[in-house]
J.: 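First the structure, then my questions, so here it is.
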Amino acid sequence: MKWDVLFSEFIKTKLKTFFEFYELLKKVLKQVFSGPRREHEIKTAIVKFGLQILPIIVISTAFTGLVITQEIAWHLRESIHAISMIPGFTGQFVLRELGVVIPALLVVSNLGAALTSEIGTMKTTDQLDALKLLKIDLVSFLVYPRFIASIFSLVCLTMFSIFVTLLFALVVASLQYNFSWLEYLNALRHFVGFKDVVCAFLKALVFGAVIPLISCVYGFNCKEGAQGVGTATTNSVVTNTLVVIGLDFVLTYVSTWILGA
Amino acid sequence: MIQVQGLGKKFNNDKTSEWLFRDLTFEIKENETVVFMGASGTGKTTLLKIIGGLLNPDQGKIELHNEHLGMVFQKNALFDFLTAEENLLLPLTECMQQTQIDAKKEAQAFLEVVGLKDSAKLFPNELSGGMQKRLGVARALVIRPKILLYDDPTAGLDPITSKKIADLMIKLKKQYQSTVLIVTNDLKRATQLGDRIYLLANGKLFGGLEPNGFLLSNEPHIIQFVFGLRK
């Protein structure tokens with residue numbers, strides 16, 4: 001097959017996925033305002049989404065805190081021969097980028113993949129057909145609870161991951177670079193403002209909304225068989241990762257422009 | 001009850017694709033049990049899914065006088081994240097809008113009918129093939145459908161379990177007075193369960209006869225299928 005044909009097929013597929021994502025978003029937002037609320041399913045999904053991934057996020061972000069302090073200290077020492085700005089640089093970097101993007105990417109690789117394979121398997125084993133025949137709305141029953149749970153979980157996980165990263169950054173700063181805890185926190189407060197917290201919150205909100213929808217779109221379009229489920233899951237993780245990175249850039253740009261954060 | 005006129009379906013949805021079957025016309029009366037037989041890949045399941053509204057035909061139309069349908073899937077399609085009892089609670093609360101207390105009573109009653117009362121808290125993967133099939137039957141019946149579709153209900157079951165499922169189907173049909181469509185390759189079960197039997201071969205329907213008439217038919221396709229002869 002020629003490259004131009006392959007490229008046009010690729011664009012067609014991506015456009016189709018985008019329109020399906022848009023339709024799913026419309027339906028889910030409609031349910032947000034008109035119900036049904038599905039509180040039981042949302043609680044179950046929050047436990048699955050939030051609590052399951054918590055240990056992985058704690059370990060990852062703790063190491064991030066350890067590494068980032070050492071990296072920033074090295075750069076500051078090399079460039080301006082002073083390490084007094086470690087708390088400020090660390091705080092800014094964690095709140096604006098690492099503390100938000102790392103949990104989002106972990107959610108993509110863990111829960112996004114699980115969601116696509118779950119829905120894909122339901123499709124290949126006729127469970128989705130069984131739901132349709134029972135006149136149960138697939139979006140209302142399968143997507144909406146996961147959408148709400150993902151937003152709630154990712155916002156909470158992001159705030160928690162920022163706390164853990166900064167805590168471990170503080171530990172390294174105090175043990176290796178002789179910062180007192182009070183000194184570190186004062187410097188942090190000087191550099192990091194409420195706007196940065198709002199920026200982190202908004203990013204988490206958007207990532208939390210986008211990840212389950214993309215995962216569900218790929219699940220619903222899953223082809224037959226184990227290979228079909230595998231391919232759908234891989235494509236879902238790749239797309240979600242690229243979207244999170246792309247949106248991170250857009251949201252950073254927008255928040256800098258609007259909030260001055 | 002069910003009127004099918006000029007029904008056709010292609011292998012794929014594109015225009016160039018060949019027909020899986022076409023120009024199928026038949027009628028099924030209320031409370032009748034009709035069996036569709038045919039070799040693998042002739043489109044029996046596709047036909048059932050079109051009648052169930054899960055697939056769109058490429059040609060023709062279907063008129064259902066009652067759209068309250070239930071279906072027992074070939075691979076059971078049980079919700080694997082729910083227990084046996086919850087598999088019945090879901091349609092009762094979502095589809096029938098029953099309260100949790102009423103739904104629980106009804107689910108337990110249905111589990112008793114299909115002999116799964118002691119397995120209520122087990123997940124589908126913890127049940128045997130026959131038990132899964134019975135749960136599938138219970139889930140389809142729990143919404144009191146007027147039309148019940150069975151996709152190869154005895155596939156992969158041993159002869160004893162197969163007979164048990166067939167007996168259960170007869171018992172439930174009498175109890176709930178529903179119109180039943182069955183797709184199967186099992187000639188013995190087809191003659192036991194069906195009021196009429198059709199053969200789907202080469203994209204066309206043959207027969208539509210009572211079991212004895214079907215077995216004694218002179219139609220070459222039916223003779224070939226019944227006696228396992230090759231062309």
Side-chain angles (χ1 to χ4, degrees), chain A residues 5 9 12-13 16 31 35-49 52 111 114-146 149 212 215-216 219-226 228-229, chain B residues 12 45-46 48-56 64 67-83 86-98 100 103 123-125 132 135-152 155 181 183:
Chain A
V5 179
E9 279 298 313
K12 262 187 216 168
T13 315
K16 186 174 167 271
Q31 192 173 348
R37 293 277 169 257
R38 295 202 176 274
E39 284 164 16
H40 173 70
E41 284 90 351
I42 290 173
K43 279 178 197 163
T44 313
I46 285 173
V47 171
K48 201 174 164 188
F49 262 62
Q52 235 177 41
L111 303 170
L115 190 51
T116 305
S117 57
E118 189 184 332
I119 292 182
T121 306
M122 284 181 81
K123 189 185 174 190
T124 56
T125 54
D126 288 336
Q127 290 179 56
L128 295 186
D129 278 347
L131 284 171
K132 280 185 210 164
L133 215 68
L134 293 168
K135 306 226 171 358
I136 296 172
D137 182 36
L138 299 185
V139 176
S140 170
F141 183 68
L142 293 173
V143 185
Y144 172 76
R146 286 157 172 87
S215 307
C216 287
F220 286 132
N221 284 319
C222 178
K223 300 267 188 311
E224 282 295 313
V229 177
Chain B
N12 296 311
T45 299
T46 306
L48 211 61
K49 283 191 173 180
I50 291 173
I51 294 170
L54 297 171
L55 290 174
N56 293 321
L64 301 175
E67 293 196 352
H68 203 45
L69 290 159
M71 184 164 176
V72 179
F73 290 82
Q74 190 174 8
K75 293 180 224 162
N76 305 317
L78 297 167
F79 305 124
D80 48 19
F81 54 95
L82 300 175
T83 63
E86 287 167 344
N87 262 279
L88 303 190
L89 284 174
L90 183 70
L92 288 168
T93 50
E94 291 282 334
C95 183
M96 308 285 279
Q97 305 291 324
Q98 287 191 6
Q100 200 69 23
F123 284 90
N125 61 358
Q132 285 183 16
L135 183 59
V137 173
R139 190 186 62 186
L141 278 168
V142 86
I143 56 166
R144 316 264 173 170
K146 286 288 159 200
I147 301 168
L148 193 52
L149 313 172
Y150 286 97
D151 187 3
D152 227 341
L181 272 78
V183 155

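Keep in mind the model is a prediction, meaning the values are calculated, not measured.
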J.: Could you measure the distance from the CG atom of B:Leu55 to the CG atom of A:Asp129? Nearest 0.5 Å is fine.
T.: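 Here the rounded value is 7.0 Å.
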J.: Take atom NZ in A:Lys135; do more than 12 heavy atoms of anything else shown fall under 6.0 Å from it?
T.: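 Count over threshold, so yes.
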J.: Applying the side chain to side chain contact (heavy atoms under 4.5 Å, CB included) test to B:Glu94, which of A:Leu131, A:Leu134, A:Ile136 qualifies?
T.: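 Exactly one option meets the side chain to side chain contact (heavy atoms under 4.5 Å, CB included) with B:Glu94, and it is A:Ile136.
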J.: With chain A as the partner chain, list the residues of residues 69-83 of chain B whose heavy atoms fall under 4.5 Å from it, by residue number, and write 'none' if nothing qualifies.
T.: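 When heavy atoms of chain A are the reference, residues 69-83 of chain B contributes B:Leu69, B:Gly70, B:Met71, B:Phe73, B:Lys75, B:Ala77, B:Leu78, B:Phe79, B:Asp80, B:Phe81 within the under-4.5 Å range.
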J.: Answer with side chain, backbone, both or neither: which region of A:Thr124 has an atom nearer than 4.5 Å to a non-hydrogen atom of chain B?
T.: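 For A:Thr124, backbone heavy atoms alone lie under 4.5 Å from chain B.
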J.: Can you confirm whether B:Arg139 sits close enough to A:Leu133 that some side-chain heavy atom of one is under 4.5 Å from a side-chain heavy atom of the other?
T.: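 No, too far: nothing below the 4.5 Å cut-off.
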